[in-house]
Amino acid sequence: RIRVSMGDKDLPHEATKDASEAPPQKIGFWSLMFVIYFLVCGGAYGSEDLGSTLPPLYSLIGILLCPWFFGLPLAMVTAELATALPDPEGFMLWTEKAWGPTASFFVGWNIMAIVMIDQALYPILFLSYLESLVNFEFTWAVRFAFCSAFVVAAFVITLVGTKFLSVVTNASTVAVFVPLIVFCVLCWASTDIIEPKNLIITEGPVDFQLYSSVLLWLYSGYDFAGFLVADTIDGPRTFPRAILCAIFMSMMTYLIPIASSLMLTTDPQYFTDGSFTLIAEDLLLWGSWLPTLIVVGAMFSNTGSYLVYLHTSATGLAAMGEKGDAPSVLARKVAYFGTPWVALLAFTTTTLIWTQFDFSVVVEVETVLMCIHYIGLLATFFKLRWSQPQLDRPFKVPGHPIVLAIIALSPVTICVVNLVFTGWFEITVAAMLLLLIGTCYFAKIQLQRCGQGEEEYALMKTETTDQ
C-alpha cells in the first residue's frame with residue numbers, strides 16, 4: 001500500500017505492480033533541469049513571431065518579464081504541489097484533493113486536449129525549417145511520411161523509459177544551443193550591418209493576440225513538470241532548484257536570438273516560423289553551412305520537446321486510466337521498462353492525425369484552454385493551502401497569504417487579458433471542446449450507475465435464491 005498524507009487522515013492507494021516490473025528509474029538534478037527545459041522551451045525555434053507582432057522594445061520587455069510574472073509563480077506553485085503530493089496523476093490528483101473528482105475529470109481531459117493539439121506542432125515546426133532551407137514546399141505524401149517516421153521513432157525512444165529519455169534530452173540540449181550560439185555570435189560579429197538602436201524602436205506593427213498567444217505557449221509546461229517529481233532523486237530538494245534554473249535558461253534562449261535578429265533587421269518577413277534560416281541565408285552571408293546548422297538545431301529542439309511531452313502526457317493519461325477517468329486499457333505498461341505503452345500509442349496516433357491540419361487557428365484555441373487550466377491550477381493551490389494547512393509540504397512557497405495572492409494575480413491577469421483579446425471563433429471552439437468533456441463525464445456517470453444497478457440486481461437475486 002502507498003500512504004498519501006491527507007492532513008488528519010491517510011488514504012490508502014493500492015499499488016498493483018507486477019512482480020516482474022523493474023523498480024522506477026530515477027534522474028538527478030542536471031537531467032531533470034534539461035528535461036524541464038525541453039518541457040518549457042527546447043530552444044528559440046518557433047519564437048520568431050515575437051519580433052514582428054509588437055515594436056522591438058515592447059517585444060523584448062515582454063520576453064524579459066513574462067517568465068518572472070507568469071512562469072515563476074506557476075513554477076513555484078507546481079513545486080509546492082508536486083512535492084506535497086508527488087504522484088503520477090500530478091495536477092489531476094491536486095485538483096481532486098481540492099475540488100473533488102468532477103473537477104479532476106475536467107482538468108485531466110482539458111490538459112489532454114491541449115497536449116493532443118500541442119504535440120503536433122513539433123514535427124510541423126521542424127518541417128517549416130526544412131522547407132525554408134531547401135526553398136521548396138513538400139507534397140502531402142512527403143509531409144505524411146516524415147511525420148510518420150518522426151512519431152514512430154519518438155514512440156520507441158520514449159518506450160525505453162526515463163533514463164534513456166534523459167540521455168537523449170541531454171545530448172539534444174548541446175545540439176540545440178550550439179547553432180543558436182553560433183548564429184548570435186555571427187550576428188554580433190557583423191558590425192557593418194547591425195543596428196543596436198533597432199532594439200529601442202517603439203513604433204511598428206501590433207498584433208497583440210498573436211504575440212500573447214505565442215509568448216504564453218513558449219513559457220507553458222510548468223504544470224507538466226509536476227509529473228517528474230516521482231522520477232527524481234531527492235525530489236523535494238532537487239525539483240525547485242531545477243525548475244528555477246530552467247526558467248532562466250528559457251528566458252535567455254528566447255531573448256538573445258530575437259534581440260540579435262532585430263539588430264540586423266526589423267522587416268516582418270524575417271520574423272515568421274523558420275525565419276532564422278532566412279536571416280542566416282539572406283543577411284549574414286556566411287555560407288550555406290549556417291542555415292543547415294540551424295535546421296539541425298531545430299530538429300533536435302523539436303524532437304527533444306516532443307519526447308518530453310510524450311512521456312509526461314502518457315504518464316498522466318495512464319494515471320487517468322488507473323483511476324477510471326479514461327479506459328483502463330490506457331494504464332497498461334511494459335513490465336520491464338514500466339512505461340505506459342498503450343497511452344504512448346494513443347498520443348502517437350493523435351499526433352499523426354493532427355499534423356495533417358492547419359494549426360494557425362488551433363494554436364490559439366490551445367492557448368485558451370491553457371489559460372483556463374492555469375487559472376484552475378492557481379485556484380487549487382490556494383484551496384489546498386486553506387483547506388489542508390497541516391499537509392506536509394517539503395517545499396513551501398514563502399510569503400504571507402496576502403503576498404501570495406498578489407503574486408498569483410499576475411499570471412491570472414495575463415491569462416484573462418489573453419482571453420479578452422482572443423477571437424470569438426477560437427473561444428467558441430474551446431467552449432465546444434469543454435462541452436465535449438462534459439458530455440463524456442455525463443456518459444461516465446451514467447455507465448457507473450448502470451454498473452451499480454446491475455450489481456445490486458445480481459446481489460438481490462442471489463439473496464432471493466438463498467432464501
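Along the sequence shown, residues carry numbers from 1.
Of the candidates Tyr306, Phe155, Phe144, Tyr306 is the only one forming a ring-ring contact (aromatic ring centres under 6.0 Å, His included) with Phe150. Only one option out of Tyr374, Tyr219, Trp217 pairs with Phe70 in a ring-ring contact (aromatic ring centres under 6.0 Å, His included); it is Tyr374. Put simply, the residue from Leu54, Leu199, Ile201, Leu215 that forms a side chain to side chain contact (heavy atoms under 4.5 Å, CB included) with Ser59 is Leu54.
Between Thr355 and Leu127 there is no side-chain heavy-atom pair separated by less than 4.5 Å. Side-chain contact between Ile111 and Val107 is absent, with no heavy atoms from C-beta onward closer than 4.5 Å. In this structure, the side chains of Trp68 and Ile247 come closer than 4.5 Å at one or more pairs of heavy atoms. Between Phe183 and Leu293, the closest side-chain pair of non-hydrogen atoms is not below 4.5 Å. Residues Leu64 and Met251 have side chains in contact (heavy-atom distance under 4.5 Å, counting atoms from C-beta outward). The shortest distance between side-chain heavy atoms of Leu50 and Ile63 falls below 4.5 Å. Within the 4.5 Å cutoff, the side chain of Val365 has no heavy atoms near those of the Thr422 side chain. Using a 4.5 Å heavy-atom cutoff, the side chains of Thr53 and Phe271 are not in contact.
With 3.5 Å as the limit, one finds no donor-acceptor pair spanning the side chains of Glu364 and Ser213. Side chains of Thr266 and Asn198: no donor on one and acceptor on the other come within 3.5 Å.
Taking the six-membered ring where tryptophan is involved, the planes of Phe91 and Trp94 are perpendicular, since the angle between them exceeds 60° and thus also 30°.
In Phe69, the CZ atom is not crowded: 12 or fewer heavy atoms of neighbouring residues, nucleotides or ligands sit closer than 6.0 Å. Residue Gln269 places its CD atom among more than 12 non-hydrogen atoms of other residues, nucleotides or ligands, all under 6.0 Å distant. Heavy-atom neighbours of Trp188 CH2 from other residues, nucleotides or ligands within 6.0 Å: at or below the threshold of 12. Residue Arg241 places its CZ atom among more than 12 non-hydrogen atoms of other residues, nucleotides or ligands, all under 6.0 Å distant. Few gaps surround CZ on Phe138; more than 12 heavy atoms of other groups in view lie less than 6.0 Å from it.
For the atom pair CG (Leu262) and CD1 (Ile194), the distance works out to 12.5 Å, reported to the nearest 0.5 Å. In this structure, CG on Leu255 lies 12.5 Å from SG on Cys66, to the nearest 0.5 angstrom. The OG1 atom of Thr367 sits 9.0 Å away from atom CD1 of Ile114, with the distance rounded to the nearest 0.5 Å.
Closest of all the heavy-atom pairs between Thr78 and Leu377 is OG1-CD2, 4.1 Å. The two atoms that bring Met76 and Leu244 nearest to each other are SD-CD2, 4.0 Å, heavy atoms only. Here the closest non-hydrogen pair linking Thr272 and Asp49 is CA-OD1, 3.7 Å. Of all non-hydrogen atoms in Ser104 and Thr95, the two that sit nearest each other are N-CG2, 3.7 Å. In terms of heavy atoms, Ser275 sits closest to Glu48 at OG-CG, 3.1 Å. Pairing each heavy atom of Tyr122 with each of Asp118, the nearest pair is OH-OD2, 3.1 Å.
Checked against side-chain hydrogen bond (donor to acceptor under 3.5 Å, both in side chains), Trp99 has the following partners two or more places apart in sequence or in another chain: Thr380. Qualifying side chain to side chain contact (heavy atoms under 4.5 Å, CB included) partners for Leu330, counting only residues two or more places apart in sequence or in other chains: Leu317, Ala326, Pro327, Val342, Ala346.
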Apply side chain to side chain contact (heavy atoms under 4.5 Å, CB included) to the pair Leu434 and Phe106, showing each step before the final yes or no. CA-CA 8 Å; Leu434 294 175; Phe106 273 86; 5.5 Å; no
Let me see the working for Ser212 and Val417 under side chain to side chain contact (heavy atoms under 4.5 Å, CB included), right down to the final yes or no. CA-CA 9 Å; Ser212 62; Val417 170; over 6 Å; no
Derivation of the side chain to side chain contact (heavy atoms under 4.5 Å, CB included) call for Trp289 and Thr292: CA-CA 5 Å; Trp289 64 271; Thr292 303; 5.5 Å; no
Given side chain to side chain contact (heavy atoms under 4.5 Å, CB included), test Val206 with Tyr58 step by step and report yes or no. CA-CA 10 Å; Val206 176; Tyr58 303 136; over 6 Å; no
